[in-house]
Student: 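My questions all concern the structure below.
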Amino acid sequence: MARRPDEEYDYLFKVVLIGDSGVGKSNLLSRFTRNEFCLESKSTIGVEFATRTLQVEGRTIKAQIWDTAGQERYRAITSAYYRGALGALLVYDVTKPTTFENVSRWLKELRDHADANIVIMLIGNKTDLKHLRAVAVEDAQSFAEREGLSFIETSALEAVNVEKSFQTILGEIYRIISKKSISGGETGPASIKQGETLVVGAQDGNTKKTCCSSS
Amino acid sequence: MEKKRVDESLQVPAPGRVDRFGFVKQEHNSPDGLSRNKSALEYQREQKRLRKWRKMIGVGGSDWKHYVRRKPHVVKRRIRKGIPDCLRGLVWQLISGSRDLLLMNPGVYEQLVIYETSASELDIIRDISRTFPSHVFYQQRHGPGQRSLYNVLKAYSVYDREVGYVQGMGYLAGLLLLYMSEEDAFWLVVALLKGAVHAPMEGLYLEGLPLVQQYLFQFDRLMREYMPKLGEHFTEEMINPSMYGSQWFITVFSYSFPFHLALRIWDVFLYEGVKIVFKVGLALLKYCHDDLVKLPFEKLIHALRNFPDDAMNPDVLLPMAYSFKVSKRLEELEQEYEKIHGKVAESKAKQKQPQLT
């Protein structure tokens, strides 16, 4: 079956949005995929999903993003979505120290359920609430360095750094993938070029045929 | 009229800007047939129906139990047609068994609200403004709606510390509070989660969400039996029911479905139990079947979360839902699930189980 023009892309990357409840994951997603922000947003029940196709390092990348409910109880459902994800955006709220303190627990969650070489980016959201800031940039920065994560602060409300955060993580994933395809390495999560099979949000980690098959 | 968004300077919108249920009108107003003017004939019919209902219930619900015992099939039929909105709150309490719980436990709710503290307080506060955010009752910060919602959820989290507070419960309580007092809403939540009349729902919210997992398993199997072609397509596209169905069960369709439809589903849900959630889910898929089987993964996910307006008409969707016979298969599938996963845990806190006579 031929790929329709509106679905043309070089790579398809699955990314998950995780972090405590109320840190702004859903609004980061809506800002990135639809350039919308909703002040009266509902809490996420289960998982939500959105995509956007964009240019990264001269390639057309389709980002397939799963937004998960933040409450701990929901991990029974949401952790299944880490499988096959190439990237994770781990979000905390710069005005709520507990959401930053819980970042380590989320990293453990990823270690337990996600692929070993998943690219992780730490995001401090809600920088627009300047007078309420309670997590210093330096603290988050040094934590990210220690843990080997990239780090950025964003405001989904003011659309600050949202684009950049997604661009950065997709770029990082791309560099890893393209390095792998040159060296021929096939370990860990790998998304493969158009015309072959692509790893998508498969529960069981199987490859999924989007519209083309490798056979 | 301008379609301005409600901002903080205007916390309570003028009456013309909310629909008949109190939701602030969106730019996209679904043609639910409720906003148009009723004809004289329809009005008369409605009045006649209301008189029948009043007779069936009796003053303050005094004749209800008697009537249900004598003519259960009449009650079932009338509930399936929809409970008149002005009687909804009362009837819901009668059919759910919550009225009995309230009478058996005088003063308990007040005790829970005033004297007890809950480990979930901050979690609840965080979600209060994120529950029915477009309803006038819940829009005012610290207003009566938000306070009631907080009290009910906090009281429940103390009453049942094993469940505590889980996101999604706010939609249950929030929907009930639009039709009854705090204390009545609290006991209805208790009746549902502890299983006063039907199977307890607490497993939807307990650690591991065991009942969500079981229901999704059952739903997936039912769907494949009734719509094998769609089942096959879902397998090919790697769609699993947690991608679209979790919130159907966790909030009984109150999270993202049009309110007038949610109410009609709740009428039946409270009288007949959770099987209506399965039936409505099946009806939704059946209604959109011919479109769904053609869609690729992403469009499929989108379609499964955004059903067309014409599918949201209760008088179309519900008769279709009733046509699915699921009780027997649900039991078999539950046993099958238990064989694989063990019995879904129910609360260990048996001392908190309401005594039902």
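Below, read A as the first sequence line, B as the second, and so on, with proteins coming before strands; counting in each chain starts at 1. Predicted model only: the values in this text are computed from it and were never measured.
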Student: Atom OG1 of T44(A) and atom CZ of R130(B): how far apart are they, to the nearest 0.5 Å?
Tutor: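 One gets 7.0 Å once the value is rounded to the nearest 0.5 Å.
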
Student: Roughly how far, to the nearest 0.5 Å, is CD1 of I250(B) from CD1 of I77(A)?
Tutor: 4.5 Å

Student: When heavy-atom pairs shorter than 4.5 Å are enumerated against chain A, which of H302(B), R305(B), Q213(B) gives the highest number?
Tutor: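 Answer, by heavy-atom pair count under 4.5 Å with chain A: R305(B).
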
Student: Other residues, nucleotides and ligands only: do more than 12 of their heavy atoms fall within 6.0 Å of CG on L122(B)?
Tutor: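 No.
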
Student: If we define contacts as heavy-atom pairs under 4.5 Å, which of V166(B), D127(B), I301(B) has the most with chain A?
Tutor: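 Looking at each option in turn, the highest pair count goes to V166(B).
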
Student: Does V212(B) reach the side chain of Y74(A), with side-chain heavy atoms less than 4.5 Å apart?
Tutor: no

Student: If you measure from CZ on R75(A) to CD on E207(B), what distance do you get to the nearest 0.5 Å?
Tutor: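 Rounded to the nearest 0.5 Å, the CZ-CD separation comes out at 9.5 Å.
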
Student: Tell me every residue that passes salt bridge (Lys or Arg N to Asp or Glu O under 4.0 Å) with E232(B), counting only those two or more places apart in sequence or in another chain.
Tutor: none

Student: So, using side-chain hydrogen bond (donor to acceptor under 3.5 Å, both in side chains) as the criterion, who are the partners of S157(B) when residues are at least two apart?
Tutor: S118(B)

Student: Identify which part of Y171(B) has an atom lying under 4.5 Å from any heavy atom of chain A, answering side chain, backbone, both or neither.
Tutor: side chain

Student: With rounding to the nearest 0.5 angstrom, report the NZ to OH distance, K42(A) to Y255(B).
Tutor: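 One finds 6.0 Å between NZ of K42(A) and OH of Y255(B).
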
Student: Taking all heavy atoms of S43(A) and all of Q167(B), pick out the closest pair and write down the distance.
Tutor: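 Nearest heavy atoms, S43(A) then Q167(B): CB-NE2, 4.0 Å.
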
Student: Under a 3.5 Å distance rule, please check whether R73(A) uses its side chain to pair with a backbone N or O of V163(B) as donor and acceptor.
Tutor: yes

Student: For V47(A) versus S242(B), what's the shortest heavy-atom pair and its separation?
Tutor: CG2-O, 4.0 Å

Student: Any chance you could measure L12(A), atom CG, to E298(B), atom CD, to the nearest 0.5 Å?
Tutor: 6.5 Å

Student: Taking side-chain contact (heavy atoms from CB on, under 4.5 Å) as the test, write out the residues that go with A134(A), two or more places apart.
Tutor: P97(A)

Student: Applying a heavy-atom distance below 4.5 Å, give me the residues of residues 16-30 of chain A that approach chain B, sorted by number.
Tutor: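 Counting heavy atoms that sit under 4.5 Å from chain B, the residues of residues 16-30 of chain A involved are S21(A), G22(A).
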
Student: Measuring from atom CD of E40(A) to atom NE2 of H135(B), what distance do you get when rounded to the nearest 0.5 angstrom?
Tutor: 13.0 Å

Student: Measure Y138(B) against the heavy atoms of chain A and call it side chain, backbone, both or neither at under 4.5 Å.
Tutor: neither

Student: Taking side chain as everything from C-beta outward and backbone as N, CA, C, O, which of these in E48(A) sits under 4.5 Å from a heavy atom of chain B? Side chain, backbone, both or neither.
Tutor: both

Student: Looking at Q71(A) and Y165(B), what are the two nearest heavy atoms and their distance?
Tutor: NE2-O, 2.9 Å

